[in-house]
Protein chains: 2
Amino acid sequence: MKHKFIELINDYMSHLYDDALSAELDAAMNYSLSAGGKRIRPVLLLTTLEMCGEKAASGLSAAAAIEMIHTYSLIHDDLPAMDDDDYRRGKLTNHRVYGEATAILAGDGLLTDSFYHVMSDETLTAEVKVELVRIISRAAGSRGMVGGQMLDMAAEHRQLTRAEMEEVHLHKTGDLIRACFLCAGVIARLDDTAMAQLHDLGTKVGLLFQIKDDILDVEGSLEEMGKTAGSDAQNDKATYVTLLGLPAAKQAMTDVYHEAVELVSQLTENCTSMMELLDYIVARTK
Amino acid sequence: MKHKFIELINDYMSHLYDDALSAELDAAMNYSLSAGGKRIRPVLLLTTLEMCGEKAASGLSAAAAIEMIHTYSLIHDDLPAMDDDDYRRGKLTNHRVYGEATAILAGDGLLTDSFYHVMSDETLTAEVKVELVRIISRAAGSRGMVGGQMLDMAAEHRQLTRAEMEEVHLHKTGDLIRACFLCAGVIARLDDTAMAQLHDLGTKVGLLFQIKDDILDVEGSLEEMGKTAGSDAQNDKATYVTLLGLPAAKQAMTDVYHEAVELVSQLTENCTSMMELLDYIVARTK
C-alpha cells in the first residue's frame with residue numbers, strides 16, 4: 001500500500017527503540033516491526049482521526065502501540081507450537097532467524113512496551129491515555145485477540161457454523177481493528193453517539209478485512225502474499241471461502257463493503273480518505 | 001508464607017476472571033495464577049502502602065497486575081524453548097497440562113489483561129493509573145524483566161563477572177520487585193524524596209530476594225522448592241553461590257538485609273510489617 005501516512009508511521013516507529021538493554025532482543029523486535037507490514041491498523045487509526053477533524057499525528061503513539069501488538073501476535077502465531085510457519089510476508093519468521101526463545105521474548109517485549117509507549121506520550125491527557133490502554137488491552141487480551149486465537153485453535157479440524165466462524169474472526173482479528181477506530185474517537189473526544197457509530201464501523205471494517213484475507217488465501221500467489229496460498233484450506237480451517245464457497249464469499253464482502261460505506265457517510269462528509277481506504281482493503285492483492 | 005494480606009489478595013484474584021471468551025484459556029490462566037505462588041510481590045506492595053499510612057486495599061489492582069505479570073513470565077520461562085521445566089512449585093508446569101500453544105496464549109493473556117485490570121480500577125484517578133502502568137510496563141518490558149531474561153539466556157555457559165550477574169538479576173527479577181514499592185508510593189502520592197528512598201529500598205529487596213533464591217537453589221529440597229535443587233549449578237548458571245561460594249553469598253545476603261533494614265527505618269517509624277517481611281525473605285525455605 002502506498003499511503004500518505006505510511007512514511008509518517010514508519011518514521012515514528014523507527015525511533016521506538018533506542019538505548020537497548022539487550023541488543024539481540026531489540027534486533028529481534030525491530031526485525032519483525034520492519035518486516036514489510038502493511039501498517040493497515042495505524043493507517044486506519046490516523047485516517048479515522050482525520051475524518052473526525054483531528055490532526056493525524058495525535059494518534060501516533062496509539063497507532064504504534066497497536067502495530068506493536070499486531071506484530072507480537074504474528075511472532076507468537078508463527079512459533080512451532082502454534083502455526084509453525086517459516087515465512088511471513090516473504091521473509092523468514094522471527095524464530096527462524098533468532099530462535100524460539102528469543103522470538104517468545106521479542107513478542108513479550110513488544111506487547112509490554114506498547115503500553116509503556118502510550119503512557120509516555122506527553123501530548124495526551126491522563127484521561128485519554130487511560131481510555132486508550134483500556135480499549136487496546138481489552139481488544140488484545142483474553143477477551144479479545146488472544147481469546148479469539150484460542151477459539152481458532154479449538155476450531156481446527158472441526159466443522160464450524162458460519163456464526164461460530166464469525167465469532168472467532170470477530171475476536172481474533174476484528175477486536176484490534178475496531179480498537180483503531182475507538183482509539184481515534186477517544187483522542188478526538190467524540191460523544192457517545194459518534195463512538196457507537198465508530199464501534200459499528202470498526203466492526204464492519206474488521207469483517208471486511210477478514211473476508212478479503214480468506215479470499216486472498218485461495219486467490220493470492222506466494223510472490224504477493226509471502227506465504228503459501230491455500231494454506232487455510234490445507235489446514236482444514238473454517239474460512240468464509242471454505243464455508244460459503246468463493247462466489248458467496250465475494251458477495252458477502254461486497255455486502256459488508258456497502259454497509260461500511262453507508263456508515264462512513266452517516267458519520268461525516270469529510271470522508272474521502274476513509275472511502276479510499278475501504279476501496280484499498282477490498283482491492284488489495286496481499 | 002502465612003501473611004495477613006494473602007487471603008485478601010487471593011480473594012481479590014479469584015474474581016479476576018469471570019465471563020470467559022474461551023473457557024480453556026481461562027482454565028490455563030487460573031491454573032498458574034492459583035498454583036501456590038508465594039504472593040511476595042503483592043504482599044510487598046500492600047505492606048509498602050501500609051507503611052506509607054495508606055489503606056492496603058487501594059493497591060489491590062496494581063498488586064494483582066504485578067502478580068499476573070510474574071505468573072505469565074513463569075509460564076513462558078518454563079516452555080520447552082526456554083528452560084523446559086516440567087514442574088513449578090511442585091505442580092506440573094502450564095504447558096505440561098495444557099500444551100505449548102495454550103501456555104503461550106495463557107501467558108500473553110495474563111500480560112495483556114494485567115494492564116486492562118489496572119485501567120478498570122474505578123477507585124484510582126487517571127493520573128495514578130497512568131503512572132502505575134508506566135512503572136509496571138517499564139519494569140516488565142524490554143528494558144526490564146524481558147530484557148533481563150534475554151541477558152540471562154545470553155549468559156548461559158559463559159563465565160560472568162559479579163557485576164554482569166548483578167545486572168542480569170537487577171532486571172530479570174529486581175525491576176518488577178522494585179515496581180511494587182514504586183506503585184505503592186504513587187498510590188500514596190509520596191514526594192520525590194520519599195519516592196527516591198522507595199526506589200533504593202525496592203532495589204535492595206530485589207537483590208535480597210535473588211541472593212536468597214540462589215542460596216535456596218543449592219540448599220532447598222525438592223519437596224520444599226517444588227523443583228530440583230542445584231538446577232542452576234547443573235545448568236552452568238552464574239549465581240551468587242556459583243560465583244562467590246556459599247559462605248560469601250550468605251554474607252552478601254546479610255549485608256544487603258542490614259542495608260534494607262536501615263533504609264526502612266529512615267523512611268518511617270511505622271515499619272513493623274515491612275521489617276517482618278524482610279525477615280521472612282531471608283528466612284524462607286522455599
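Chain letters run A, B, ... following the sequence lines, proteins first and then strands; every chain starts at 1.
- For chain B, the nearby part of A/Glu167 is the side chain; its heavy atoms alone come within less than 4.5 Å.
- Heavy atoms closer than 4.5 Å to chain A are found in the side chain of B/Met153, but not in its backbone.
- Between A/Ala81 and B/Ala101, the shortest heavy-atom contact is O-CB, 3.4 Å.
- A salt bridge links A/Arg143 to B/Asp26: at least one charged side-chain nitrogen sits closer than 4.0 Å to a carboxylate oxygen.
- Two residues are said to be in side-chain contact when any heavy atoms from C-beta on lie closer than 4.5 Å; B/Glu127 and A/Glu127 meet this criterion.
- Note that the NZ atom of A/Lys129 and the CE atom of B/Met119 stand 9.5 Å from one another [nearest 0.5 Å].
- Counting only distance, with no hydrogens or angles, the side chain of B/Asp113 and the backbone of A/Ser142 share a donor-acceptor pair below 3.5 Å.
- Both the backbone and the side chain of B/Ala20 come within contact range of chain A, judged by heavy atoms closer than 4.5 Å.
- In this structure, chain B has no heavy atom under 4.5 Å from any part of A/Met145.
- Side-chain contact between A/Leu105 and B/Met82: present, with at least one pair of heavy atoms (C-beta onward) separated by less than 4.5 Å.
- For a residue to count as touching a neighbouring chain, one of its non-hydrogen atoms must lie under 4.5 Å from one of that chain's; by this rule B/Leu79 touches chain A with the side chain only.
- With rounding to the nearest 0.5 Å, the separation of CD in B/Glu100 from CD in A/Glu100 is 6.5 Å.
- A/Ser22 and B/Gly147 make their closest contact through CB-O, 4.2 Å (heavy atoms, listed as atom of the first residue, atom of the second, distance).
- Interface check for chain B: of the options A/Asp18, A/Val128, A/Val118, the most heavy-atom pairs under 4.5 Å are formed by A/Asp18.
- Across A/Asp108, A/Asp19, A/Leu151, A/Thr102, the residue that shares the most heavy-atom pairs under 4.5 angstrom with chain B is A/Asp108.
- B/Thr112 contributes atom OG1, which lies 4.0 Å from atom CG of A/Leu111 (distance to the nearest 0.5 angstrom).
- Of all the listed residues (A/His117, A/Glu131, A/His171), the one sharing the greatest number of non-hydrogen pairs under 4.5 Å with chain B is A/His171.
- Top candidate by heavy-atom pairs under 4.5 Å with chain B, chosen from A/Val133, A/Asp77, A/Leu110, is A/Val133.
- For B/His95, no part lies near chain A; criterion is any non-hydrogen pair under 4.5 Å.
- More than 12 heavy-atom neighbours from other residues, nucleotides or ligands sit within 6.0 angstrom of CG on B/Asp11.
- When heavy atoms are compared at a cutoff of 4.5 Å, B/Tyr17 approaches chain A by way of both its backbone and its side chain.
- Going from atom NE2 of B/His76 over to atom NE2 of A/His76 covers 6.0 Å, rounded to the nearest 0.5 Å.
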*asked:* Between A/Tyr116 and B/Ile136, does the side chain to side chain contact (heavy atoms under 4.5 Å, CB included) criterion hold? Intermediate values first, please.
replied: CA-CA 8 Å; A/Tyr116 179 75; B/Ile136 296 171; over 6 Å; no
